[in-house]
Amino acid sequence: MEIKPLKNKVFLASPCMHGDELKYIKEAYDTNWMTTAGTNINAIEEEIGKSFGAEFVVGLSAGTAALHMAMKLAGERLYGRPSVGHGALEGRYVFCSDMTFDATVNPVTYEGGIPILIDTEYDTWNMDPIALKKAFELYPEVRLVVVAHLYGVPGKIDEIRAICKEHDALIIEDAAEAMNATYNGKYCGTFGDYGVISFNGNKLITGSSGGAILLHTREDSDKVRKWSTQAREAAHWYQHEEIGYNYRMSNVIAGVIRGQLPYLQEHTDRKKAIYYRYKEAFEKANLPVKMNPFEEGKAVPNYWLSCMIIERQAMCKQVRSEKEALYITEPGKTCPTEILEKMASINAEGRPIWKPMHMQPIYRLNPFITRDGDGRAKTNAYIEGGVNDIGMDIFERGLCLPSDINMKPEEQDVVIEAIKSCFE
Ligand SMILES: *Cc1c(COP(=O)(O)O)cnc(C)c1O
């Protein structure tokens with residue numbers, strides 16, 4: 001069935017401004033605090049701390065910068081301060097979420113660490129605690145775990161925490177996509193020893209860019225404030241005993257975030273409505289698909305991206321090389337490639353699931369651990385009757401749907417009809 005393209009493009013997730021942002025940007029301008037200090041930064045650090053129950057918050061230039069700072073804190077706490085020119089995690093293995101954005105994992109390598117990639121589970125599409133347990137059996141010396149909450153859905157953080165406690169390992173929690181999501185009533189980003197959130201342009205609320213690190217001690221907070229502003233010592237001149245970075249948040253960006261923060265719950269509610277509109281429509285049409293799942297009763301997602309996964313028996317043939325994809329369409333069957341092409345043809349934007357890090361050329365040689373043990377020793381395909389490489393299975397069958405809070409219900413209806421047409 002031909003579907004008429006949408007007049008205005010429907011994005012995956014675009015910024016949603018409310019007006020107050022301009023007031024705070026202007027405040028920065030009028031008071032001439034056009035720098036990496038000022039009332040906007042102070043205000044958002046305090047507000048984020050209060051709203052999420054984080055003891056200390058430091059505003060930074062990006063979530064990735066916050067992750068880098070977290071790696072340094074963890075590395076120095078575990079292994080001591082490195083000499084100049086060496087990373088705080090140099091030569092050390094670090095367990096990391098595998099099916100995630102590369103910004104979760106790359107900062108490990110900034111500090112010289114070696115990511116060991118941990119497979120995904122089907123219940124929340126996040127790090128599999130069973131695979132993590134297996135990883136500790138194989139690499140008992142590991143003391144740091146980097147765990148992401150994807151698409152706004154909390155991972156099994158209680159189980160992961162218990163395993164880490166048993167092995168005396170620290171946790172860095174990448175909650176860049178999961179701001180305002182909770183697990184057993186506690187906010188994502190506050191479970192780990194170090195938490196990270198992001199204000200990138202497509203996140204739930206945005207500063208156009210920006211990020212923050214959530215911390216439990218003043219000592220850590222002071223360290224990040226120092227490192228992120230070129231690591232100046234308390235001296236009359238620029239005195240340096242440590243390598244510094246220029247990672248601090250701009251007071252103008254903080255103004256945008258300050259204007260957005262009051263709308264965090266409204267944005268969450270609108271994302272939730274989009275998720276359930278898809279879910280109900282797919283159920284009503286009896287489509288052989290499921291929405292991205294979460295643990296009901298425990299997890300309250302922020303529904304940042306609505307995703308779906310196609311039942312195995314409804315998948316047409318689809319082959320992906322490193323950079324291209326081909327599929328053979330069949331009646332009653334489809335695949336993410338066909339649906340994504342369909343989305344583009346109606347002027348809507350979808351996205352493949354994050355391609356697992358163990359399948360990325362940059363991490364191709366890094367260990368990859370599944371429930372069964374060494375995932376590299378086995379084929380990367382799904383094995384009928386067995387569990388192997390869940391991340392690649394979700395990558396092959398899943399996709400992110402247009403989840404823009406600026407999308408109108410009528411526009412979402414067109415998107416839904418287009419998806420349905422792929423199954424005809
Ligand atoms: C967006 C994102 C980041 C990075 O945040 P930036 O602010 O863009 O640097 C890290 N991890 C995940 C999972 C993300 O989605």
Side-chain angles (χ1 to χ4, degrees), residues 11-15 36 41 44 48 57-72 94-111 115 117-118 120 124-127 145-155 157 160 171-181 188-189 191-192 194-214 224 228 245-250 253-254 256-257 260-261 267 271 292 301-307 351-357 360 362-363 391 394-395 398 400 403:
F11 290 94
L12 182 79
S14 72
T36 49
I41 301 178
I44 68 144
I48 291 167
V57 178
V58 185
L60 297 168
S61 57
T64 311
L67 280 157
H68 187 188
M69 293 291 93
M71 300 302 160
K72 273 182 74 77
V94 177
F95 294 150
C96 300
S97 288
D98 175 55
M99 196 183 83
T100 182
F101 187 35
D102 73 336
T104 308
V105 178
N106 288 345
V108 172
T109 71
Y110 301 170
E111 287 302 314
L117 304 159
I118 310 296
T120 310
T124 77
W125 296 8
N126 285 301
M127 183 187 280
V145 178
V146 184
V147 54
H149 304 282
L150 278 202
Y151 304 133
V153 174
I157 193 69
I160 288 168
I171 297 178
I172 293 174
E173 212 189 342
D174 179 354
E177 301 180 359
M179 191 181 187
N180 206 33
C188 287
F191 288 94
Y194 316 99
V196 167
I197 52 178
S198 162
F199 303 104
N200 175 310
N202 69 11
K203 297 288 169 15
L204 190 58
I205 59 168
T206 185
S208 71
S209 68
I213 188 165
L214 314 185
V224 172
S228 64
Y245 302 83
N246 184 3
Y247 277 174
R248 195 74 162 113
M249 179 180 277
S250 147
I253 299 286
V256 182
I257 298 165
Q260 289 261 288
L261 274 172
H267 285 201
K271 290 277 190 187
N292 51 325
N302 71 14
Y303 302 92
W304 175 56
L305 290 189
S306 288
C307 306
R351 188 197 262 170
I353 298 297
W354 297 125
K355 182 176 176 178
M357 288 301 118
Q360 301 285 0
I362 42 175
Y363 296 121
I394 297 172
F395 173 66
C400 307
S403 307

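Counting begins at 1 with the first residue of the sequence. Atoms within a ligand are numbered from 1 in the order they appear, just like the ligands themselves.
At a threshold of 4.5 Å between non-hydrogen side-chain atoms, the residues L117 and P356 do not count as touching. Between H267 and N180, the closest side-chain pair of non-hydrogen atoms is not below 4.5 Å. Residues S209 and I253 meet the side-chain proximity criterion, which asks for heavy atoms closer than 4.5 Å. Contact of the F199 side chain with the Q260 side chain is not registered, since no non-hydrogen atoms from C-beta on lie closer than 4.5 Å.
Applying the 4.0 Å criterion to heavy atoms of N200 picks out, from ligand 1, the atoms 7 (O), 8 (O). Less than 4.0 angstrom separates some heavy atom of T104 from each of these atoms of ligand 1: 11 (N), 13 (C). Residue contact check: A176 has heavy atoms under 4.0 Å from atoms 2 (C), 3 (C), 10 (C), 11 (N), 12 (C), 14 (C) of ligand 1.
By the 3.5 Å distance cut-off applied to N or O atoms, D174 is counted among the residues near ligand 1. Residue-to-ligand polar distances place G63 within reach of ligand 1: an N/O pair is separated by less than 3.5 Å.
At least one heavy atom of G210 sits closer than 4.0 Å to an atom of ligand 1.
Side-chain contact of E111 with H68: a donor-acceptor pair under 3.5 Å is present, judged by distance alone. Looking at N126 and Y151, their side chains never bring a donor and an acceptor atom within 3.5 Å of each other.
Proximity annotation for atom 5 (O) of ligand 1: of G207, S198, A178, S198 comes nearest, heavy atoms only. Among K203, E177, H68, the residue whose heavy atom lies closest to atom 2 (C) of ligand 1 is K203.
Of all the heavy atoms in A254 and I44, the pair that sits closest is O-CG2, 3.6 Å.
Of all the heavy atoms of A62, the ones lying under 4.0 Å from any atom of ligand 1 are found in both the backbone and the side chain.
The closest protein non-hydrogen atom to atom 9 (O) of ligand 1 is T64 OG1, 2.5 Å.
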